[in-house]
Structures are given as C-alpha cells and as structure tokens.
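Only heavy atoms go into these numbers, but all of them, side chains included; no hydrogens, no water, no symmetry mates. Being a predicted model, the structure only gives us computed values, none of them experimental.
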Amino acid sequence: MSDATINDQAASQPGLETGAEAPPVLFLHGIDRHYSQGDVVLDILKGAEFAIWPGQSVALVAPSGAGKSTLLHVAGLLEHPDAGEVYIDQIPTSRLPDAERTRIRRVEIGFVYQFHHLLMEFSALENVVMPQMIRGLSRPEAIRRATDLLGYLGLKERLTHRPAELSGGEQQRVAIARAVANAPRILLADEPTGNLDPRTSDHVFSALTQLVQASGLAVVVATHNMDIAGRMDRRVTLRDGLVIELE
C-alpha cells in the first residue's frame, strides 16, 4: 500500500491530515469481486477503492443488487476478493491463513445485520457476555463490561430479558452492544435499521452515533435511509463496480 495512494484518499476527507500521521484503519485497494451464474459472470466490484479512518462514519447508499453487501463482506474478511487487497491497520490480509483472518474478524471487526441474530434462549446480558468470554475474558469482567455497555445504550432495565421480551429497537441495540463488546476498531452494519419504524430507527441510530463518538470506532453503514445517511460524516455509493464519494 503506497503512501501516495493513502494520501490521495485522505486528501479528500475534511479534517483529516495526510501522510503517516493519519493511516486509515480500513483500506480497500483495487478490489475486484465477481460471481458466476452458469455461463454468465457478474462483475460486482471492479477496481474498487475505499478507505475509512478511526472515529469516522460512512453511509454506503446504493440500489439493491449494486453490491453493498459484497463490499461489506470483503471489507469484513468474510469473502476473499478476486483481485486487490484489504488492509486492516495497514496490514495486507488476502494471503493470511484462515485462522489469522478469523482472529482479525473476532478482534478488530464488529458486524450488525438487518436481523439481529440474537440467541433467543439467552438474556440480553448473556448475548453480550458470550463473545467476550470466547475471546478469553473472565466471566466477571465480561459481565461488568456488558452491563456498562447495555446501560450506555439505554437497556439498564432490560439486562435479564430474553430477545422475545424486547422490542425490535431494543433487540437491535443488544446486537450493536454484542458487535462492539470486544472493542473492535471497525463496525460494519448492513441495513441495521431496515426492519424498524422511523422513530425506532432514529433511536437505534442515535445510540450507534453515541458509541462512535465515545469509542473512536470507524463505522460503515449500508442503508436506504437517506435521513440516516445525511447525518453521517461521509456518503458513498457503488457505480459500475467502483466506490464513488457523494456530496
């Protein structure tokens, strides 16, 4: 990854210094991704470039089928690009062993999806405790951290409730807490408010914004909600397989 390429990305971002003082936490360089359907090859990403810095929020706004989920999957190391490189904290990841890519996903990256995917038989607190214990934290420390995090997101009175006893917005806030429980550097969210009504969606997004401001997370949110997109630091779209900055 050349300094010139990073500087070109950074120079277009208001309030960011260029050069080694401001490396992006996530950088996608020359990404190609295609899929085969019978004899047809679908080119989803074609030389895509994208960078995001700590504490920055980016809305990814594009029509269905344009490749938003593909971009997030490549950025989150869930899929290998067909060409190009994904840098996490300036480390190239494409040739890393699967075990190391899994470690980076577990430690550096959090994921939030349109459906919360909470474990229904466990309480809100337990859903947030488990990923921390998998990482190696002691149960008391994981409980303390989960309690603080859920309280910060306005769920102090709902710790022992199972997902079926929570509203849609509360479930999604638990999912956000779970995604950031291990203090990742990057949060990737795929239509996180897509199943929520406007008022609940606004509440969930406000909670996410508070987390970004408090923790310095770099957040990419794929969304069709233009109100939410307008409140983020940057807006990008996908056009002809490229990531394009929007005004």
Side-chain angles (χ1 to χ4, degrees), residues 52 54-61 72 76 106-135 137-235:
I52 184 171
Q56 202 174 56
S57 61
V58 179
L60 174 58
V61 184
L72 292 182
R106 186 173 63 244
V107 175
E108 301 287 349
I109 306 170
F111 298 90
V112 181
Y113 297 98
Q114 184 171 347
F115 185 72
H116 52 74
H117 295 296
L118 299 175
L119 297 175
M120 303 302 288
E121 64 270 31
F122 295 104
S123 68
L125 182 67
E126 290 166 337
N127 267 279
V128 182
V129 162
M130 277 186 285
Q132 299 180 74
M133 294 184 65
I134 290 171
R135 185 179 175 184
L137 264 68
S138 68
R139 183 174 178 82
E141 176 64 8
I143 289 175
R144 184 192 67 77
R145 286 167 53 92
T147 300
D148 289 346
L149 189 52
L150 289 167
Y152 185 80
L153 291 172
L155 296 170
K156 182 179 180 180
E157 307 301 324
R158 312 292 275 171
L159 300 181
T160 60
H161 289 65
R162 295 184 180 183
E165 301 171 307
L166 301 174
S167 69
E170 288 171 337
Q171 291 172 11
Q172 198 64 313
R173 278 182 280 160
V174 174
I176 291 171
R178 180 184 58 187
V180 301
N182 284 329
R185 303 286 308 284
I186 304 159
L187 182 65
L188 304 175
D190 196 352
E191 296 286 356
T193 62
N195 285 329
L196 305 176
D197 64 81
R199 184 171 179 272
T200 305
S201 174
D202 183 74
H203 195 69
V204 170
F205 180 74
S206 295
L208 180 58
T209 301
Q210 289 175 344
L211 272 178
V212 173
Q213 294 172 345
S215 65
L217 267 171
V219 180
V220 184
V221 178
T223 182
H224 289 291
N225 188 319
M226 295 307 296
D227 177 62
I228 284 178
R231 294 157 60 187
M232 303 185 77
D233 297 324
R234 291 165 54 201
R235 284 149 295 285

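- Relative ring orientation between H117 and Y113 is described as perpendicular, the plane-to-plane angle rising above 60° on a 0-90° scale split at 30° and 60°.
- Listed by chain and number, the residues in a side chain to side chain contact (heavy atoms under 4.5 Å, CB included) with D148 are R144 (sequence neighbours excluded).
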- Item | Derivation and outcome, side chain to side chain contact (heavy atoms under 4.5 Å, CB included), residues Q56 and V219 | CA-CA 6 Å; Q56 202 174 56; V219 180; over 6 Å; no
- Applying side chain to side chain contact (heavy atoms under 4.5 Å, CB included), run through L217 and V180 and close with a yes or a no. CA-CA 9 Å; L217 267 171; V180 301; 3.7 Å; yes
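- Contact record, A218 with P54: CB-CA, 4.3 Å, taken as the closest heavy-atom pair.
- Separation of atoms CG (L155) and CG (L149) is listed at 9.0 Å; rounding is to 0.5 Å.
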- Task: Kindly determine whether M232 and F205 satisfy side chain to side chain contact (heavy atoms under 4.5 Å, CB included), including the steps that lead there.
- Result: CA-CA 10 Å; M232 303 185 77; F205 180 74; 3.7 Å; yes
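- The backbone N or O of N182 lies less than 3.5 Å from a partner atom in the side chain of R135, making a donor-acceptor pair.
- Judged purely by atom type and a 3.5 angstrom limit, Q171 uses its side chain to pair as donor or acceptor with the backbone of P163.
- Looking only at side-chain heavy atoms (C-beta outward), R145 and P140 stay at 4.5 Å or farther from each other.
- For residues 205-217, no residue pair satisfies the salt bridge (Lys or Arg N to Asp or Glu O under 4.0 Å) rule, not counting sequence neighbours.
- Using a 4.5 Å cut-off on side-chain heavy atoms (C-beta onward), L187 and V220 make no contact.
- Residues forming a salt bridge (Lys or Arg N to Asp or Glu O under 4.0 Å) with R162 (at least two apart in sequence, or on another chain): none.
- Atom CD of Q172 and atom CD1 of I176 lie 6.0 Å apart (nearest 0.5 Å).
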- Could you walk me through whether S206 and R231 pass side chain to side chain contact (heavy atoms under 4.5 Å, CB included), step by step? CA-CA 10 Å; S206 295; R231 294 157 60 187; 3.5 Å; yes
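- Of all heavy-atom pairs spanning M120 and A164, the tightest one is CE-N, 3.9 Å.
- Contact between V128 and A146 at its shortest, heavy atoms only, is CG1-CB, 3.6 Å.
- At least one side-chain heavy atom of R178 sits under 4.5 Å from a side-chain heavy atom of P131.
- Taking both residues in full, the closest heavy atoms of L153 and R173 are given as O-NH1, 2.9 Å, listed atom of the first, atom of the second, then distance.
- Across all non-hydrogen atoms, the minimal contact from E141 to L137 is CG-CD2, 3.7 Å.
- At distances below 3.5 Å, at least one donor-acceptor pair connects side-chain atoms of R158 with backbone N or O atoms of E165.
- Checked against side chain to side chain contact (heavy atoms under 4.5 Å, CB included), A222 has the following partners two or more places apart in sequence or in another chain: L60, K68, L72, D190.
- In this view, L159 and L125, T147, L150 satisfy the side chain to side chain contact (heavy atoms under 4.5 Å, CB included) rule, not counting sequence neighbours.
- Using modelled atom types, no side-chain atom of R235 and backbone atom of A59 make a donor-acceptor pair closer than 3.5 Å.
- Heavy-atom minimum distance, G76 versus F111: O-CZ, 3.4 Å.
- One distance of note links OG1 of T223 with CD1 of I228; it measures 5.0 Å at 0.5 Å rounding.
- Residues V61 and H224 fail the side-chain proximity criterion, which asks for heavy atoms closer than 4.5 Å.
- Qualifying side chain to side chain contact (heavy atoms under 4.5 Å, CB included) partners for F122, counting only residues two or more places apart in sequence or in other chains: L119, E126, N127, M130.
- The side-chain heavy atoms of S57 and R234, taken from C-beta on, include no pair separated by under 4.5 Å.
- No donor-acceptor distance shorter than 3.5 angstrom exists from the side chain of D233 to the backbone of V58, with no hydrogens or angles considered.
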